[in-house]
There are 2 protein chains.
Amino acid sequence: MPTPHYGQPRYRVIADELRKRIESGAIPPGALLPAESVLTSEFGAARGTIRKAIAALREEGYAVTEHGRGTHATRLTQSSADEPAASQREMQADARLATLFQVEVGTTLIEREAVIRRGRQVARVIRTYHLRRTDPDPAER
Amino acid sequence: MPTPHYGQPRYRVIADELRKRIESGAIPPGALLPAESVLTSEFGAARGTIRKAIAALREEGYAVTEHGRGTHATRLTQSSADEPAASQREMQADARLATLFQVEVGTTLIEREAVIRRGRQVARVIRTYHLRRTDPDPAER
DNA sequence: AGAAATTTGTCCGTATGTATC
DNA sequence: AGATACATACGGACAAATTTC
């Protein structure tokens, strides 16, 4: 079948469903999500669509994926004592971020850190900040 | 040519090239990037690969895409009163960044801050860091 | 106003590469 | 070495938003 994405696109619906399972505890923090192949069967969607749904969850801070291992539901640590390579964590808005987001200082934000490597060297580090409950994300449409 | 992604994946190389054009001014802030169809021809890559490259640029804060319009290079010196003008500045590497870049704490890094707005609201704040001297981008490894 | 062209968005299917178990 | 799981890449088709004629 072609592409009848009335209203919400398929990957969005799937992402919402998986997010619901995580928030409800059906998939506990730290637990592994079903493999892409399993989700493909369950939702009757192409693998690419499943992957896009999971990518959306990652961007929203609900999951973390590791190459040959799988995707884990995120346990967002309130750590301010940051040392590890936590790719994702909660943090409190400082003055600058609070101003930008128009919230009060101390409001919880999600910080994600990505590293672009060139061979063994780190070429760039990217840090993204956003409020929790972000929806779709026009960036990708 | 199936999928030989030795070293850097194709979309990564393309993203780096496009980013270089933006940073160098070859594609001025606010300007439209070539359409996906054009980039597909230029790089001889599938459309999906081009789209992934552009998605990477979005995540790094270098571009913003709108549905039937196209992808614009993000404007750095935005108006508004809340901006300390320069969205790009030098800063000293903290412990975390120093570790990643394998340099000493206090080494000068370039920090770029992009503010992605959705309407009047700030949706995301993206900060990218990279070494000053060295990199810009060997483009290829 | 309307139709066509342009451009990005979604989805499917297939194949191969890479990391982990 | 084999199996499992995620990653990259190609190609095709149709949908939706915008611009152009």
Side-chain angles (χ1 to χ4, degrees), chain A residues 1-18 27 31-59 62-74 87 114-117 119-120 135-141, chain B residues 1-18 27 31-59 62-74 118-119 140-141:
Chain A
M1 290 322 121
T3 317
H5 48 285
Y6 311 112
Q8 300 258 297
R10 200 93 187 280
Y11 75 86
R12 198 2 94 194
V13 174
I14 295 172
D16 289 342
E17 168 59 28
L18 292 175
I27 299 178
L32 215 52
L33 269 67
E36 292 173 357
S37 57
V38 176
L39 295 174
T40 292
S41 303
E42 178 185 342
F43 290 101
R47 195 182 154 213
T49 303
I50 298 297
R51 282 179 62 76
K52 204 154 190 327
I54 293 176
L57 288 182
R58 274 198 303 268
E59 277 188 35
Y62 287 93
V64 175
T65 302
E66 293 167 284
H67 199 152
R69 294 184 194 281
T71 297
H72 296 265
T74 305
S87 62
V115 176
I116 295 179
R117 290 189 165 77
R120 232 179 293 282
D135 267 318
D137 200 335
E140 267 195 313
R141 331 206 206 169
Chain B
M1 296 46 106
T3 319
H5 47 286
Y6 311 114
Q8 301 280 320
R10 206 128 148 67
Y11 76 86
R12 206 347 107 200
V13 174
I14 295 172
D16 288 344
E17 168 59 28
L18 293 175
I27 299 177
L32 214 54
L33 270 67
E36 294 173 357
S37 58
V38 175
L39 295 176
T40 292
S41 304
E42 177 184 343
F43 290 101
R47 193 182 158 212
T49 303
I50 297 297
R51 283 179 62 76
K52 200 148 198 303
I54 294 176
L57 287 182
R58 276 197 302 267
E59 284 186 28
Y62 284 88
V64 176
T65 302
E66 293 167 284
H67 199 158
R69 291 187 192 282
T71 298
H72 291 83
T74 50
R118 179 159 24 179
E140 269 75 41
R141 62 223 160 273

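Numbers restart at 1 for each chain; the letters A, B, ... are given by sequence-line order, proteins then strands.
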Check your understanding: How long is the line joining CD1 of B/Ile50 and C1' of D/dC10, in whole Å?
Key -> 12 Å
Practice item. Taking only the side-chain heavy atoms of A/Ala46 (C-beta and beyond), determine which of D/dT8, C/dT8, C/dC12 contains the nearest atom. Key: C/dC12
Check your understanding: If you check the B/Tyr11 side chain, which of D/dG11, C/dC12, D/dT8 turns out closest?
Key -> D/dT8
Review point. For A/His67 and B/Gly70, take the nucleotide of DNA chain C holding the closest heavy atom to each; which residue's nucleotide lies nearer the 5' end?
Key: B/Gly70
Revision key, fill the gap. In numerical order, the residues of residues 32-41 of chain B whose heavy atoms come under 4.0 Å of DNA chain C are B/Ala35, B/Glu36
Practice item. Ignoring backbone atoms, test whether A/Thr49 places a side-chain nitrogen or oxygen under 4.0 Å from the OP1 or OP2 oxygen of C/dT10. Key: no
Exercise for review: Choose from D/dC6, D/dA9, C/dT10 the nucleotide whose nearest atom is closest to any side-chain atom of B/Pro9.
Suggested key: D/dA9
Exercise for review: Apply side-chain hydrogen bond (donor to acceptor under 3.5 Å, both in side chains) to A/Arg47 and list each qualifying residue two or more places apart in sequence or on a separate chain.
Suggested key: A/Glu36
Check your understanding: Quick one: is D/dA7 close enough that its OP1 or OP2 comes under 4.0 Å of any side-chain N or O from B/Arg10?
Key -> no
**Study point:** Minimal non-hydrogen separation, B/Ala63 against B/Thr74, with atom names
**Key:** N-CG2, 3.4 Å
Practice item. Of all the heavy-atom pairs spanning B/Leu33 and B/Ala73, show the shortest one and how long it is. Key: CD1-N, 3.7 Å
Check your understanding: Starting at CZ of B/Arg12 and ending at P of C/dT18, how long is that distance when rounded to a whole Å?
Key -> 18 Å
Point to revise | Non-hydrogen atoms of A/Arg117 and B/Gln8 that approach each other most closely | key: O-NE2, 2.8 Å
Review point. What heavy-atom pair brings A/Ile14 and A/Ala45 nearest, and what distance separates the two atoms?
Key: CD1-CB, 4.0 Å
Practice item. Measure the spacing between CD1 of A/Ile27 and CG of A/Leu18 and express it to the nearest 0.5 Å. Key: 6.0 Å
Practice item. Under 4.0 Å between any heavy atoms, over every strand shown, what does A/Gly48 touch: base, sugar-phosphate, or nothing? Just pick one. Key: nothing
Exercise for review: Check whether any side-chain heavy atom of B/Arg10 sits under 4.5 Å from a side-chain heavy atom of B/Lys52, and report yes or no.
Suggested key: no
Study note, to complete from the structure: Separation of D/dA9 atom P from A/Arg51 atom CZ, nearest Å, is 11 Å
**Study point:** Minimum-distance nucleotide to B/Ala45 side chain [options: D/dC10, D/dT8, C/dC11]
**Key:** D/dC10
Review point. What is the distance from atom CG of B/Leu57 to atom CD of B/Glu59, rounded to the nearest 0.5 Å?
Key: 10.0 Å
Practice item. Considering non-hydrogen atoms only, spot the tightest contact between A/Ala56 and A/Ala15 and give its length. Key: CB-CB, 4.2 Å
Review point. Does A/Arg47 get its side chain close enough to the base of D/dA7, under 3.5 Å, for a donor-acceptor pair?
Key: yes
Check your understanding: Can you find a pair of side-chain heavy atoms, one from A/Ile54 and one from A/Leu39, that are under 4.5 Å apart?
Key -> yes
Check your understanding: Could you state the CZ-C1' distance from A/Phe43 to C/dC12, rounded to the nearest angstrom?
Key -> 17 Å
**Study point:** Watson-Crick and G-U pairing of DNA chain D, under 3.5 Å, as dot-bracket with | and [ ]
**Key:** .||||||||||||||||||||
Exercise for review: Take the protein atom CD of B/Gln8 and the nucleotide atom C1' of D/dT8, then report the distance between them rounded to whole Å.
Suggested key: 13 Å
Review point. So does A/Lys52 get a side-chain nitrogen or oxygen closer than 4.0 Å to the phosphate oxygens (OP1/OP2) of C/dC11?
Key: no
